[in-house]
Amino acid sequence: MLIPAGGLGMNSAMDDMNLIQQAQRHHLVVREIGEEIDLEIGPGDDDPSFSNTPLIGGPSREPSAEDHDESKHMVMVSQLPNDDQDLSKTQPAKRKKKVVKRWREEWADTYKWAYVDVKEGTARIFCSVCREYGRKHRRNPYGNEGSRNMQMSALEEHNNSLLHKEALRLQMASKDKIIADKPVYVKALMSKTAGSIVEAALKRDPHEPEFIQSVQEVVHALERVIAKNSHYVNIMERLLEPERMILFRVPWVDDRGETHVNRGFRVQFNQALGPCRGGMRFHPSMNLSIAKFLGFEQTLKNALSPYKIGGAAGGSDFDPKGKSDNEIMRFCQSFMNEIYRYLGPDKDLPSEEMGVGTREMGYLFGQYRRLAGHYQGSFTGPRIFWSGSSLRTEATGYGLVFFAQLILADMNRELKGLRCVVSGSGKIAMHVLEKLIAYGALPITVSDSKGYLVDEDGFDYMKISFLRDIKAQQRSLRDYSKTYARSKYYDEAKPWSERCDVAFPCASQNEIDQSDAINLVNSGCRIVVEGSNMPCIPEAVDVLRKANVLIAPSMAAGAGGVVAGELELNHECNSMNWSPEDFESKLQEAMKQTYQRALKAASDFGYQKESPEALAHGAVISAFLTVAQAMTDQGCV
């Protein structure tokens, strides 16, 4: 094996960017850790002349044209000075001691970050997180016997590399233990036909991990559907490509007169069933991958609800935290200046999401009304220019609790007396707490980005009001424990290790990793009701299902917001005031219909009602068949 020259003076930033692109090609077959592989270690980066010397004991071969091209390319990128190049040519070839080791199982704990695999007939050292090899990965990961300094320098170099940091973000690796597994976690569970759909999505969108993860989960749930009718493969290929993606800049001026620029997104994913409805998220982490993932999930969620409407999602990487009302107003107006032409009651109506509440929706609608020049339609948010339901903000949180009650009723149980852990401390989480208290349950936790708060006595209405005051003043949840002695705030932790019967993740996507899932199982949790979209990484889902923990998917359990939005936009609903009791009754009925549709679809395709994956797969199947039928009827559009 020969390593191309030019590694010494290579431009680090350009090289790391090239390696990032390599790290996002997930097509490697990973060997078991315990399998013994003879490995000859290649040249180190600290000796450029050695890169031109064949490995001792290895089969020698002439460099191929491909190697020559790669070497030429790397030298051009690095733009080495001529003097440095001449110096490397004139240096005498150094012979390094041959190092041959066998990758053994007992090494796995010490060197979790690396594993060995054969790539194009050559044994190489791969990163266990990003599953790629590259310049940062070619260094001997374990060195000679006793060479602890070399071991640590290689590990440190790897952990600090841009490639590894990007791999961590893409793969969402476990914090406690990195496991060398299949590059696409659910691929091994799929048929060849279903797997080809994921492969096509990976090839088209390799830099969108959240969207790819969502596609994997949906395709896995549809495996039996696709096996019965191959026609759905073509439908899925069309469905996975959004109808319209809008990216735009959002310039705005702060209170000091300084100009800022953010990026705006709106993905109108599918309108086969009707005009789009979907959330608008303002958060620094917002990007196109998250917008597509949210739009895809919203499309299926809307199809599963009693109201047949299309799905969309969008937002911006703008952070409303710490901004004044005037700054947020100016940003929202600038945002709407670009997006308004794509909105309307027969096109697309945005709704609240993370970082977007009553204030933001009011500013957005006000600018929309001004630009559109009419008052037709209104955005799906609370108290904005209509006299409809007074429970719009509560609908999603209440719907989650109603859905949990339906699941427990089928088990001949009820929420009363059950310990419940809730993550998040936003609108959804707070309304989940309210309704849990109303049902006699014992909610004990909430969380924020810094940690979580646990109150062993459980929350009550007075405590929830205090929590709301804390959040409204943008204070830390830690201040709660100063008032209530039986409570405690844990920094940099999650609530999933607390003893509980039911869990309500309501914070953000991928908040439950593999170790969190293990903690949930060990803490006695039997039901997970997803309040946020895709809160579990695939490995966590696998752990929960193996432990027979029932997962209520957000696609079904979170449909309360869709129901309330459509009720309020309905003319008959807007012409009268709903009492809270009437509205809750309609919401409960809609959640019951959604629950029954999911179970029926699961049963039709052979999933037992008691199966931990029945609800999740049934919800996807029912929603997909509804969208697929509409797409088939409308032809190739």
Side-chain angles (χ1 to χ4, degrees), residues 277 301-302 304-309 349 351-352 357-358 361 378-418 420 422 424 426-443 458-468 502 504 506 527 529 531 552 554 556-599:
R277 303 286 189 269
K301 183 184 294 186
N302 291 351
L304 185 63
S305 73
Y307 305 95
K308 301 303 180 288
I309 49 180
L349 291 181
S351 59
E352 291 183 0
T358 306
M361 291 300 293
S378 45
F379 294 165
T380 52
R383 300 191 304 278
I384 299 179
F385 310 115
W386 63 65
S387 58
S389 146
S390 60
L391 292 176
R392 173 65 181 91
T393 55
E394 290 89 336
T396 302
Y398 284 12
L400 292 172
V401 180
F402 293 155
F403 204 87
Q405 183 68 11
L406 290 168
I407 295 172
L408 289 166
D410 277 349
M411 300 177 178
N412 295 319
R413 299 184 64 185
E414 58 182 8
L415 277 167
K416 186 175 182 179
L418 297 184
C420 302
V422 180
K427 296 183 292 291
I428 295 177
M430 289 301 170
H431 295 132
V432 167
L433 294 181
E434 281 184 3
K435 190 52 64 174
L436 285 174
I437 294 170
Y439 273 93
L442 187 70
F459 297 109
D460 55 30
Y461 293 117
M462 184 178 297
K463 292 178 178 179
I464 292 176
S465 178
F466 183 52
L467 284 172
R468 283 202 172 98
V502 186
F504 292 84
C506 302
I527 301 174
V529 184
S554 60
V562 179
V563 173
E566 288 307 298
L567 282 175
E568 289 182 334
L569 289 171
N570 184 280
H571 176 73
E572 293 181 2
C573 179
N574 279 333
S575 65
M576 61 182 296
N577 287 314
W578 290 94
S579 68
E581 293 76 15
D582 290 339
F583 189 84
E584 282 198 30
S585 176
K586 288 187 172 294
L587 181 59
Q588 283 180 309
E589 181 60 31
M591 297 307 297
K592 184 176 181 180
Q593 292 178 27
T594 302
Y595 177 71
Q596 291 174 344
R597 288 187 63 191
L599 285 182

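Quick caveat: nothing in here was measured; it's all calculated off a predicted structure. Because only heavy atoms are used, hydrogens play no part in the values below, and waters and symmetry mates are left out as well, while side chains stay in.
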Minimum heavy-atom separation for A395 to G560, with atom names?
-> CB-O, 3.5 Å
Is N302 reaching over with its side chain to a backbone N or O of R277, donor-acceptor style, under 3.5 angstrom?
-> yes
Could you pull out the closest heavy-atom pair between G458 and K463, with the gap in Å?
-> O-NZ, 3.1 Å
Nearest heavy-atom approach of M591 to A559 is SD-C, 4.2 Å
Please round to the nearest 0.5 Å and tell me the distance separating atom CG of L467 and atom CE of M430.
-> 4.5 Å
E394 and K435: side chain to side chain contact (heavy atoms under 4.5 Å, CB included), yes or no, with the steps?
-> CA-CA 9 Å; E394 290 89 336; K435 190 52 64 174; over 6 Å; no
From L599 atom CG to D410 atom CG, the distance as rounded to the nearest 0.5 Å = 6.5 Å
List the steps and the verdict of side chain to side chain contact (heavy atoms under 4.5 Å, CB included) for I407 and Y595.
-> CA-CA 9 Å; I407 295 172; Y595 177 71; 3.8 Å; yes
E434 and Y398: side chain donor to acceptor below 3.5 Å = yes
Report yes if the side chains of V562 and I309 come closer than 4.5 Å at any heavy-atom pair, otherwise no.
-> yes
Residue from L408, L418, V401 passing side-chain contact (heavy atoms from CB on, under 4.5 Å) with Y439 = V401
If you take all heavy atoms of I428 and G531, which pair is closest and at what distance?
-> CD1-O, 4.3 Å
To the nearest 0.5 Å, tell me how far F402 CZ sits from L415 CG.
-> 11.0 Å
CA sep, side-chain torsions, deciding dist, call: K586, E581, salt bridge (charged side-chain N to carboxylate O under 4.0 Å, His left out) | CA-CA 9 Å; K586 288 187 172 294; E581 293 76 15; over 6 Å; no
Where is the tightest heavy-atom contact between A557 and L400, given as atom of each residue plus distance?
-> O-CD2, 3.4 Å
Considering all heavy atoms, the nearest L587-G399 contact | CD2-N, 4.2 Å
Rounded distance [0.5 Å steps], CG in L433 versus OH in Y461 = 10.5 Å
Distance (rounded to the nearest 0.5 Å) between L406 CG and Q588 CD = 8.0 Å
Have a look at V432 and tell me which of C420, P443, C506 forms a side-chain contact (heavy atoms from CB on, under 4.5 Å) with it.
-> C506
L436 CG to K416 NZ distance, which is reported to the nearest 0.5 Å = 14.5 Å
